[in-house]
Amino acid sequence: MVEIKGVTLPVIAIRIKETKDLNSVKEEIKSKVKGKLFQGSYFILENAEELPENWLPELESFLKEMSLENISRMGRDQQRETKCDRLLVVDRSLRSGQKVEHGGDVLVLGDVNKDAEVIAVGNIIIMGALRGIAIAGALGDENAVVVAMKMEPQQIRIGKKIAISDESERVSPGYPEVARVEDGMIVLEKV
């Protein structure tokens, strides 16, 4: 009746497959997202447009009582404005095993080396080489971008899209590139 799956931590996508009884749906959601693992996570109702109109406010209120926050209510303009106010500047290179997480945009004034990770709700700009992992739009925003002066990533994620380098490491063409989602795929372009 209800499917729960992870999208990008801490976001869960909820798809409601049957719309006969709201109370049964709420009970099933409660049984699947109880526990500390989901507390404070964000949720997306994947098929909200398919649900009875009077269900949405009640479901959102119910999920909020369970310490889950709705991200689909945030308009794109509101998201962009919030991100602009929250830029994190990392004034160093990131070594293997180091991780930076931020609720807005991230600017790295150095390299992100192999096995280092940058996670941002907004955009990621790296003023050096990206050789590690970059996760932009971590709450599902596929309008986010990853920019690097030298793009040789292990992995790039933008929203729900993932691009993983194969065994042979990518060699930068020698100019800055931007990674963004186009036609459902992550593409690289010259800046």
Side-chain angles (χ1 to χ4, degrees), residues 3-15 33 37-38 40-46 68-72 74 76 78-80 82-84 86-90 92-173 175-191:
E3 180 180 328
I4 307 288
K5 61 183 180 180
V7 177
T8 303
L9 288 174
V11 178
I12 59 172
I14 300 173
R15 171 172 286 276
V33 298
L37 178 63
F38 296 106
S41 295
Y42 292 88
F43 72 89
I44 300 169
L45 286 172
E46 278 192 339
L68 299 173
E69 297 292 330
N70 188 353
I71 60 171
S72 61
M74 294 175 67
R76 291 197 180 279
Q78 183 184 354
Q79 286 180 354
R80 290 190 185 288
T82 303
K83 281 187 238 166
C84 290
R86 296 186 300 166
L87 173 66
L88 172 67
V89 178
V90 180
R92 60 186 163 86
S93 292
L94 298 177
R95 294 184 309 236
S96 175
Q98 291 184 316
K99 181 196 265 188
V100 171
E101 295 176 314
H102 184 60
D105 298 324
V106 175
L107 172 63
V108 179
L109 301 176
D111 297 335
V112 176
N113 288 307
K114 193 170 181 177
D115 296 323
E117 194 170 354
V118 179
I119 302 172
V121 170
N123 305 300
I124 298 172
I125 301 169
I126 300 165
M127 300 304 288
L130 170 60
R131 298 186 186 98
I133 299 168
I135 300 173
L139 296 181
D141 183 5
E142 294 187 352
N143 293 311
V145 297
V146 177
V147 178
M149 297 302 112
K150 195 172 181 181
M151 191 75 83
E152 298 174 345
Q154 286 177 284
Q155 183 183 112
I156 294 177
R157 282 192 236 171
I158 300 174
K160 295 180 184 177
K161 306 299 181 217
I162 300 174
I164 301 172
S165 292
D166 57 14
E167 290 300 317
S168 59
E169 293 182 5
R170 182 178 192 271
V171 178
S172 169
Y175 47 78
E177 292 179 286
V178 57
R180 61 184 179 83
V181 175
E182 185 176 295
D183 297 328
M185 297 173 45
I186 295 177
V187 296
L188 295 177
E189 293 177 342
K190 185 177 181 180
V191 175

request  = Go through Leu107 and Leu87 one step at a time and tell me if the side chain to side chain contact (heavy atoms under 4.5 Å, CB included) criterion holds.
outcome  = CA-CA 7 Å; Leu107 172 63; Leu87 173 66; 4.1 Å; yes
Apply the test side chain to side chain contact (heavy atoms under 4.5 Å, CB included) to residues Glu152 and Ser172: give CA-CA distance (whole Å), side-chain angles for both, the deciding distance (0.1 Å), then the verdict. CA-CA 6 Å; Glu152 298 174 345; Ser172 169; 3.6 Å; yes
(Q) One pair to check against side chain to side chain contact (heavy atoms under 4.5 Å, CB included): Ile119 and His102. What are the steps and the verdict? (A) CA-CA 6 Å; Ile119 302 172; His102 184 60; over 6 Å; no
Requested in this report: List the steps, then state whether side chain to side chain contact (heavy atoms under 4.5 Å, CB included) holds for Val178 with Val146.
Outcome: CA-CA 6 Å; Val178 57; Val146 177; over 6 Å; no
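The side-chain heavy atoms of Leu68 and Val33, taken from C-beta on, include a pair separated by under 4.5 Å. For the pair Val187/Val181, no side-chain contact is recorded, criterion being any heavy-atom separation below 4.5 Å from C-beta on. Within the 4.5 Å cutoff, the side chain of Met149 has no heavy atoms near those of the Ile126 side chain. Here the side chains of Met151 and Ile156 are in contact, with some heavy-atom distance below 4.5 Å. Inter-residue side-chain proximity for Met185 and Lys161 is flagged as unmet; no heavy-atom pair is nearer than 4.5 Å. Contact of the Glu177 side chain with the Glu189 side chain is not registered, since no non-hydrogen atoms from C-beta on lie closer than 4.5 Å. In this structure, the side chains of Val118 and Leu94 come closer than 4.5 Å at one or more pairs of heavy atoms. Residues Gln154 and Ile164 form no side-chain contact, since every pair of their non-hydrogen atoms from C-beta on lies 4.5 Å or further apart.
Residues Arg95 and Asn113 bring no donor and acceptor atom of their side chains to less than 3.5 Å of each other.
Of all heavy-atom pairs between Ala136 and Ile124, the closest is N-CD1, 3.9 Å. In terms of heavy atoms, Ala120 sits closest to Val106 at CB-CG2, 3.7 Å. Contact record, Ala179 with Ile158: O-CD1, 3.4 Å, taken as the closest heavy-atom pair. Closest heavy-atom contact between Ala163 and Ile186: N-CD1, 3.8 Å. The two residues Gly159 and Glu142 make their nearest non-hydrogen contact at CA-CG, 3.9 Å. Residues Arg92 and Val108 come closest through the heavy atom pair O-CG1, 3.6 Å.
In this structure, CZ in Arg131 is found 8.5 Å from OG in Ser93, a value given to the nearest 0.5 Å. Atom CG of Asn123 and atom CG of Asn143 lie 9.0 Å apart (nearest 0.5 Å).
Side-chain atoms of Asp111 come within 3.5 Å of backbone atoms of Ala129 as a donor-acceptor pair (strictly under, hydrogens ignored).
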